[in-house]
Amino acid sequence: MVSTESDKNNDVQQFMCRLMNLNTRRLSGQSNSNDIENATDTFRWLRNNSPFLEDSDKCRLLDSRLIEICSWYCNTYFSNEPLSCSILLQFLANFSVGHESAQRQIFEGFCCSLRHFIVSSQDSKLLNNSMMLLYNLCLCDVNFREKILKDLNIVQQIMTHWTLKELEYSKIFLDSIFLNSKDFLLVYTNLPDCSKDQLMNIISIWLDNYNEEVSLDVIVVIRNNFFINCDVEKITRHVVNVLAKASNVEKFNSEIKKHTTLLKKVMDLLVFIHKCSKDNDDSNDFSRVKDLSALFNSDVQTHNRFWFKSDLIRLIANMCYNNQEHQNLMRSDNIIPILLECCAFDAKNPLMREWSLFALRNILEGNMDNQDFVANIDSVGSVDPESSVTLTDTLKMASIKNSISDGDTMFI
């Protein structure tokens, strides 16, 4: 005989009574070794069948202290049973679907427990199910979500565990943050500096592998808040890297490419750090490291300005492609000689030479004034003789009037 929804509703009521009886037996000292297994099986059945419950039955169960009983099982009876706790949390996730009162009571009754599991548990299944329930509850209530995104420990754990396949809800949480600029800004603002860098580094990875999960609004917030409207000394290499990568993603590059204010800030920053790079003072963050072997030095690779200059030049390269206004700025603001000098090796800035050559190619393409400027570079100022590429070599590379075809690639 096929069971009806009414039968399942009655079964759920009976299974809840069984849980209450197990609780009573435990408190009275009459429990036995099979009670934990029986309770786990009961929650497993409830997990599988609770989606079929009607709202009226859910309300009756809530009125009969369902959340209080589940909390006791989770925090006391199953305290050393991570699998049992996981099954219980899965039941609550199914039970709460589409029911506001259940969601509110579960959040109030289990938020501390979920936070504890996420921060301290070493069991991957329990961790993932804790994140899953918390994520589902946050989807339903803006206030819940705001509380969670302000919780430094939870956010840091989510950022730490996203690479583990068995913790898929860590990545799902991050996906949702990167799709909403308000959520992203809330998270970023509450993080310490080291975790802010970590978050930006994760977005950089998302741009390489999951850029469909990053919203344009988030990139705009990063561009405006953490670069254009940010003091020079507070702009991090991670922010510059995100913008450089975004300029290479079709979804974002048109918004970045046309933003002249962004380009002018990039130019000002390049002028500043290029001047600093010429200092022989090792304490200068932007001083050039000429030793090739230093590229493999951990101190250089972890330096707070590692890749910084290369990514600025990468931005210039992409923002000047097929944009005459931006190309002309490179000439009028005397950026071209700087790019020529950047065709030199710097262990702090891998691929700086290659990005500089690519930037020059895009700056000169189709722009006769810029080509004439480079051809007469000796008359407008000298170029650092330490540059690893000669002016003659650069002119050969930049003979764009004869060599560039429509099929050339725009981005690297």
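FYI, the numbering just counts along the sequence from 1. Keep in mind that what you see is a predicted model, and the values were worked out from it rather than measured.
- Leu339 is listed as a side-chain neighbour of Leu270, based on a closest heavy-atom distance under 4.5 Å.
- The pair Lys309-Asp346 does not count as a salt bridge, with every side-chain nitrogen at least 4.0 angstrom from each carboxylate oxygen.
- Of all heavy-atom pairs spanning Ser204 and Val242, the tightest one is N-CG2, 4.1 Å.
- Side-chain N/O atoms of Asn253 and Ser247 include no donor and acceptor closer than 3.5 Å.
- Between Lys58 and Glu54 there is no salt bridge, since none of the side-chain N atoms of the basic residue sits less than 4.0 Å from a carboxylate O of the acidic one.
- Applying the 6.0 Å contact sphere to CD of Gln122 captures no more than 12 heavy atoms from other residues, nucleotides or ligands.
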Exercise. Could you walk me through whether Glu146 and Lys150 pass the side-chain contact (heavy atoms from CB on, under 4.5 Å) check?
Worked result: CA-CA 6 Å; Glu146 186 171 323; Lys150 285 183 176 179; 3.2 Å; yes
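- Remark: Lys265 engages no residue in a salt bridge (charged side-chain N to carboxylate O under 4.0 Å, His left out) (not counting sequence neighbours).
- In this structure, a donor-acceptor pair under 3.5 Å is absent between the side chains of Asn229 and Asn224.
- Residues in residues 123-135 take part in no salt bridge (charged side-chain N to carboxylate O under 4.0 Å, His left out) pair, two or more places apart or across chains.
- Sequence neighbours left out, not one pair with a member in residues 109-132 passes ring pair (Phe, Tyr, Trp, His ring centres under 6.0 Å).
- Put simply, the side chain of Asn190 gets close to the backbone of Leu186: a donor and an acceptor are under 3.5 Å apart.
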Exercise. What's the verdict on side-chain contact (heavy atoms from CB on, under 4.5 Å) for Phe184 and Ile203, showing C-alpha distance, side-chain angles and the deciding distance?
Worked result: CA-CA 11 Å; Phe184 170 77; Ile203 290 185; 3.3 Å; yes
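- Using a 4.5 Å heavy-atom cutoff, the side chains of Asn349 and Trp355 are not in contact.
- Remark: the backbone N or O of Val218 is not paired with any side-chain donor or acceptor of Ser181 at under 3.5 angstrom.
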Exercise. Do Asp151 and Lys147 pass the side-chain contact (heavy atoms from CB on, under 4.5 Å) test, and can you show the C-alpha distance, the side-chain angles, and the key distance before you say yes or no?
Worked result: CA-CA 6 Å; Asp151 191 310; Lys147 288 181 181 178; over 6 Å; no
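- For Lys275, there are no side chain to side chain contact (heavy atoms under 4.5 Å, CB included) partners two or more places apart in sequence or in a different chain.
- Cys74 SG to Ile87 CD1: the interatomic distance, rounded to the nearest 0.5 Å, is 12.0 Å.
- A donor-acceptor pair shorter than 3.5 Å can be found between the side chains of Gln327 and Asn367.
- Listed by chain and number, the residues in a ring-ring contact (aromatic ring centres under 6.0 Å, His included) with Trp307 amount to none (sequence neighbours excluded).
- No side-chain donor from either of Ser130 and Arg115 sits under 3.5 Å from a side-chain acceptor of the other.
- Atom CZ of Phe308 sits about 7.5 Å away from atom OG1 of Thr236, to the nearest 0.5 Å.
- Counting heavy atoms from C-beta outward, Leu199 and Phe178 have side chains that approach closer than 4.5 Å.
- A salt bridge is absent between Arg60 and Asp63: the closest approach of a Lys/Arg side-chain nitrogen to an acidic carboxylate oxygen does not fall below 4.0 angstrom.
- A donor-acceptor pair is defined here as one N or O able to donate and one able to accept, closer than 3.5 Å; no such pair exists between the side chain of Ser195 and the backbone of Leu191.
- Counting only residues at least two apart or on different chains, the salt bridge (charged side-chain N to carboxylate O under 4.0 Å, His left out) pairs with a member in residues 66-91 are Arg65-Glu68.
- Here the side chains of Gln157 and Leu127 are not in contact, with every heavy-atom distance at 4.5 Å or above.
- Proximity of a side-chain donor or acceptor of Asn128 to a complementary backbone N or O of Tyr169 within less than 3.5 Å is detected.
- Proximity of Leu167 to Ser124: side-chain heavy atoms (C-beta onward) are separated by under 4.5 Å at one or more points.
- At distances below 3.5 Å, not a single donor-acceptor pair connects side-chain atoms of Ser71 with backbone N or O atoms of Ile67.
- Residues Leu360 and Cys343 meet the side-chain proximity criterion, which asks for heavy atoms closer than 4.5 Å.
- For the pair Thr40 (side chain) and Ser84 (backbone), a donor-acceptor distance under 3.5 Å is absent.
- Under the 3.5 Å distance criterion, the side-chain polar atoms of Lys257 are matched with a main-chain donor or acceptor of Tyr321.
- Distance check: Leu329 CG to Asn370 CG gives 10.0 Å after rounding to the nearest 0.5 Å.
- The pair Arg237-Asp311 fails the salt-bridge criterion, with no side-chain N (NZ, NE, NH1 or NH2) lying under 4.0 Å from an Asp/Glu carboxylate O.
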Contacts table for residues 88-98: side-chain donor-acceptor under 3.5 angstrom, sequence neighbours left out:
| from | atom 1 | to | atom 2 | distance (Å) |
| --- | --- | --- | --- | --- |
| Gln90 | OE1 | Arg47 | NH1 | 2.7 |
| Gln90 | NE2 | Asn129 | OD1 | 3.1 |
| Asn94 | ND2 | Arg47 | O | 2.7 |
| Ser96 | OG | Leu92 | O | 3.2 |
| Ser96 | OG | Ala93 | O | 3.0 |

Exercise. Does the pair Asp175 and Lys171 meet the rule for a salt bridge (charged side-chain N to carboxylate O under 4.0 Å, His left out), with working shown?
Worked result: CA-CA 6 Å; Asp175 285 343; Lys171 181 184 178 300; 2.9 Å; yes
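- In this structure, Asn49 contributes its side chain and Trp45 its backbone to a donor-acceptor pair below 3.5 Å.
- Side chains of His99 and Gln103: no donor on one and acceptor on the other come within 3.5 Å.
- Contacts of Ile148 classified as side chain to side chain contact (heavy atoms under 4.5 Å, CB included), with partners at least two apart in sequence or in another chain: Phe107, Cys111, Leu134, Cys138, Ile154, Phe173.
- Counting heavy atoms of neighbouring residues, nucleotides and ligands inside a 6.0 Å radius, atom CG of Asn209 exceeds 12 of them.
- Going from atom CG of Leu312 over to atom CG of Leu269 covers 5.0 Å, rounded to the nearest 0.5 Å.
- Tyr210 pairs by the ring-ring contact (aromatic ring centres under 6.0 Å, His included) definition with Trp206, not counting sequence neighbours.
- Residue pairs satisfying the salt bridge (charged side-chain N to carboxylate O under 4.0 Å, His left out) criterion with at least one member in residues 210-236, sequence neighbours excluded, are listed as follows: Arg223-Glu255.
- No hydrogens or angles considered: nothing links the side chains of Asn328 and Ser332 as a donor-acceptor pair under 3.5 Å.
- Every residue two or more places apart in sequence or in another chain was checked for a salt bridge (charged side-chain N to carboxylate O under 4.0 Å, His left out) with Arg104, and none qualifies.
- Applying the ring pair (Phe, Tyr, Trp, His ring centres under 6.0 Å) test to every pair with at least one member in residues 227-263, sequence neighbours left out, gives no pairs at all.
- Taking the side chain as every heavy atom from C-beta outward, Arg145 and Asp183 approach each other to under 4.5 Å.
- Residue-environment remark: NZ (Lys251) exceeds the threshold of 12 foreign heavy atoms within 6.0 Å.
- Residues Ile205 and Trp162 meet the side-chain proximity criterion, which asks for heavy atoms closer than 4.5 Å.
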For this session: Would you please test Met267 and Met330 for side-chain contact (heavy atoms from CB on, under 4.5 Å) and show each step?
Result: CA-CA 8 Å; Met267 292 159 55; Met330 298 299 109; 3.3 Å; yes
